[in-house]
Structure formats: structure tokens, C-alpha cells
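See below for the structure under consideration.
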Amino acid sequence: MSGMAGGGIGCSPAGAILTIDLEAVAANYRALRGRLGRAACGAVVKADAYGLGVAHVAPVLFAAGCRNFFVAHLDEGIALRLHLPREAIIYVLHGLLPASEAECLAHGLVPVLNSVGQVGAWGALARGRGRRLPAALQVDSGMARLGLAPDEVTGRLREDLGAVDLLCVMSHLACADTPDHPANEQQRLAFDALRPCLPAAPASLAASSGIFLSADYHYHLARPGAALYGVAPVRDRPNPMRPVVRLEARIIQLRDVPPGTPVGYGHVARTTRPTRLATIAAGYADGFPRSGGGRGAAHFAGVPLPLVGRISMDSIVLDVSTVPRDRLAEGSFVELIGPHRDVDAVAADAGTIGYEVLTSLGHRYQRRYRAAGEPSP
Ligand SMILES: *Cc1c(COP(=O)(O)O)cnc(C)c1O
């Protein structure tokens, strides 16, 4: 296994292997930055870098030039701080929970202030410490999720913000993966209307999909997550990002069955001809979505192997009848996610989105990281 860093090589044989291509993450970062022109490109690494391992991913992004990182929880920020040099700014998107202000400051994290109360609490801490403290401010431009409502942007708020070193004013788009959705422009105009009512600060509106809207959406700083990890940023369009994950699972049993054989829980599938079945070592407990049962295929040497019946907790049954008998054996690997079926395709077959497939990837897989800068295997 030359060229593979980390991931427990030399351990007992893995039932399934998740390969994470850090060179592809770096390439995706450079590609997004290239689209942005003069705007800076940050990186969202919440949820353990969308399940891929923030301790591996964040330093690669820093080396690629990223200086603005975003996590959701304070705890994620505290953990991330250990993996990044001081000059990296780490924003906590969830803002400040009551009584968490001092801890946020102590770890050198920048809260995204989402409410009048949070602005007040951060301002009070700043006055107590006798200096202005860095923060971002989020306004709600039309998603009703996080951030100040337009009517909360008042003179009183501006006064409280006097104690804050405002690094960024941000908002988030609800429909950016659909470029012609009218909400995109409505949100952009609402954001533009609010900015002059706030202290001057760099602005940030675009996440992955927003980067693929016009340059009007780029402002000073973009916050991509999913596209860095290979998820398609624009619905119904070819995916311009490089795939990052590959999931391979081993065949743990092969059997030949006659026509009419019921397969798996609930007997929801039944063979219609003599069939060779392979049971592989990955299931919904590994985050492979159960709702994708009976749809799509794994692949072996490019040959599709349809999923048969329900997905079990630890295993999936495949129809491998089309592969010559001598090519497959117990222990052979098949590809569940990879060049032949990407995360978005797996997600579509399961009625979900690539984001959910990535963030659900389990921890039973042996993980292998391909280092940034390594040539393709
Ligand atoms: C998760 C998140 C992002 C990243 O979104 P992607 O679609 O994954 O690029 C950006 N901004 C905010 C506020 C988020 O919550």
C-alpha cells in the first residue's frame, strides 16, 4: 500500500476501507478560490470536516492557503484549534451559548453572533477585559434559521457593536443550489440593504453553491464546505469538483441460488433466475443509507453489481452474476462509493443529499488518507 498515509495499515484485514483523497480536497480548494477572483476562500470544516476527519483535512486546507475556518459548535472549534497555527481564524457558526463567552475567548475562537443577546454578552465581556474582541455577525436575509432579523439592526445594536472588532458580516442562502431560484436575488438584496446599517466589515454570503452564482454573491469571503469534499454544488449540472472519498467493502460470502429465492430481511426481493449473490461487509450502521436498499449498484472492475433486497445493519447483498466466477472470491473488494458511483448518486438512490451520505460515514471503516501532493494512485 505505498502512497497511503495513516489509517491503520498493518492492522487485521479490514472489512471495508474508506479512502480520503486529501490532494483532491486541496485541488477543490484551489478550484473554488480560482472562481472567486479577489474574494477570499474560507473553509467550513464542521461535523469533523463533513465526516472526513478534520485533523487531516484542516492542515491541508491551511497549507493550500486557507486562513478562515468555520465550525458549528464551540467544542469543534476547541478541538480544531490544536490542528491549526494561530494565524488561522476559527469562526463558531452556532454563536455563543449562555455563559460560554469566556471559554470561546480563552481558546482564541471567533463567535458568529446570531442574536441581540449574543452581541450584548460579547460586548460586555469586551468591556470587562478592556479591549475590543473579534466576532462575526450574522444577519438573516431570508432563511429564518440563524442571525439577526432586519428589524433588530438598530442604533442600540450599533452601540453594543462598538466593543466588537467586527471581522465579518455574514448571511446564508437557502436556495443557492438552484441558480435561477428567485430567493437568491431577494436574499442578496436584503443583505445589501442591511450592510450599510452596520459597522463597515468584510461581507460573506456564499457557501459552496453560492460560489457558482454570479460574482455579485462573492463579496469578500466565501464559506464552502460540501464542494471541498466533492459534493456537486449545483443541482442538475455536471459536478466540477474532484471526488474525495472512495468506499470499498469486502465480500464476506458468495452463494448461488435458484430462481425464486427470497433475499434479505422482509423477503422484499426475490431472484428471477439462477443468481450468484455476494454479501459484503458494510451496512447502515456504517452510514450506508438503508433507504437506498434495492437501488443502484456496487462495482467490480467497472461492472455494476446491483444491490438486492434490504440493506442490513452490517451487510448488503449484491447480484454478482455478471462477473466471471473465477474473478470474485471471499475477501475481494467491491466499490460502493467511487469513480463509478459518487456520493451524490448514492444519495439520490437513497432519497437524500450527498451531504448526508458524507456526514453519516461510519467509524468502522479502516480509513486511509492519500496525502496532499501525492500523485494519483
Ligand atoms: C454549513 C454552512 C456552510 C457550508 O455550506 P456548504 O453548502 O457545505 O458549502 C456555510 N455557511 C454556513 C452558515 C453553514 O451553516
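Below, all heavy atoms of this structure are taken into account, side chains as well, without hydrogens, waters or symmetry copies. We count ligands from 1, going down the list as the structure has it; atoms in each ligand are counted the same way.
- Among all non-hydrogen protein atoms, the one lying nearest atom 7 (O) of ligand 1 is Tyr355 OH, 2.6 Å.
- If you check the side chains of Arg188 and Gln186, you find no donor sitting under 3.5 Å from an acceptor.
- Residue Pro224 approaches ligand 1 through these ligand atoms, each under 4.0 Å from one of its heavy atoms: 9 (O).
- The shortest separation from a heavy atom of Ser209 to ligand 1 is not under 4.0 Å, leaving the residue out of contact.
- Closest to atom 12 (C) of ligand 1 by heavy atom, among Met170, His172, His94, is His172.
- Of all the heavy atoms of Tyr50, the ones lying under 4.0 Å from any atom of ligand 1 belong exclusively to the side chain.
- For the pair Ser208 and ligand 1, the shortest N or O to N or O distance falls below 3.5 Å.
- Side-chain contact check for Arg38 and His220: no donor-acceptor pair (N or O, by modelled atom type) lies under 3.5 Å.
- In summary, Glu248 and Arg367 do not engage in a salt bridge, as defined by a charged side-chain N under 4.0 Å from a carboxylate O.
- Of all the heavy atoms of Arg145, the ones lying under 4.0 Å from any atom of ligand 1 belong exclusively to the side chain.
- Residue Ala227 has no N or O atom closer than 3.5 Å to an N or O atom of ligand 1.
- The single protein non-hydrogen atom nearest to atom 11 (N) of ligand 1 is Arg223 NE, 3.0 Å, given as residue, atom name and distance.
- Note on ligand 1: Phe70 sits outside its first shell, no heavy atom being nearer than 4.0 Å.
- Between Gln138 and ligand 1, no pair of N/O atoms sits closer than 3.5 Å.
- Other residues, nucleotides and ligands contribute only 12 or fewer heavy atoms inside 6.0 Å of the CZ atom of Arg237.
- Proximity of Val231 to ligand 1, defined as any heavy-atom pair under 4.0 Å, is not found for any part of the residue.
- Near Ala226, the atoms of ligand 1 lying under 4.0 angstrom from a non-hydrogen atom of the residue are 6 (P), 8 (O), 9 (O).
- Contact check on Arg273 versus Asp319 returns a salt bridge, with a Lys/Arg side-chain nitrogen under 4.0 Å from an Asp/Glu carboxylate oxygen.
- With Phe300 as the aromatic partner, Arg327 does not meet the cation-pi criteria of under 6.0 angstrom to the ring centre and within 45 degrees of the ring axis.
- Aromatic ring pairs are classed by plane angle as parallel below 30°, tilted from 30° to 60° and perpendicular above 60°; the pair His73 and His94 is perpendicular.
- Rounding to the nearest 0.5 Å gives a distance of 7.5 Å between CE of Met143 and CD of Gln187.
- Counted within 6.0 Å of CZ on Arg295, heavy atoms from surrounding residues, nucleotides or ligands total more than 12; the atom is thus considered enclosed.
- A parallel orientation is assigned to the rings of His56 and Tyr369, their planes being inclined by less than 30° (bins at 30° and 60°).
- Close contacts between ligand 1 and Lys46 involve ligand atoms 1 (C), 2 (C), 3 (C), 14 (C), 15 (O) [criterion: under 4.0 Å to a heavy atom].
- The closest protein non-hydrogen atom to atom 5 (O) of ligand 1 is Ala207 CB, 3.4 Å.
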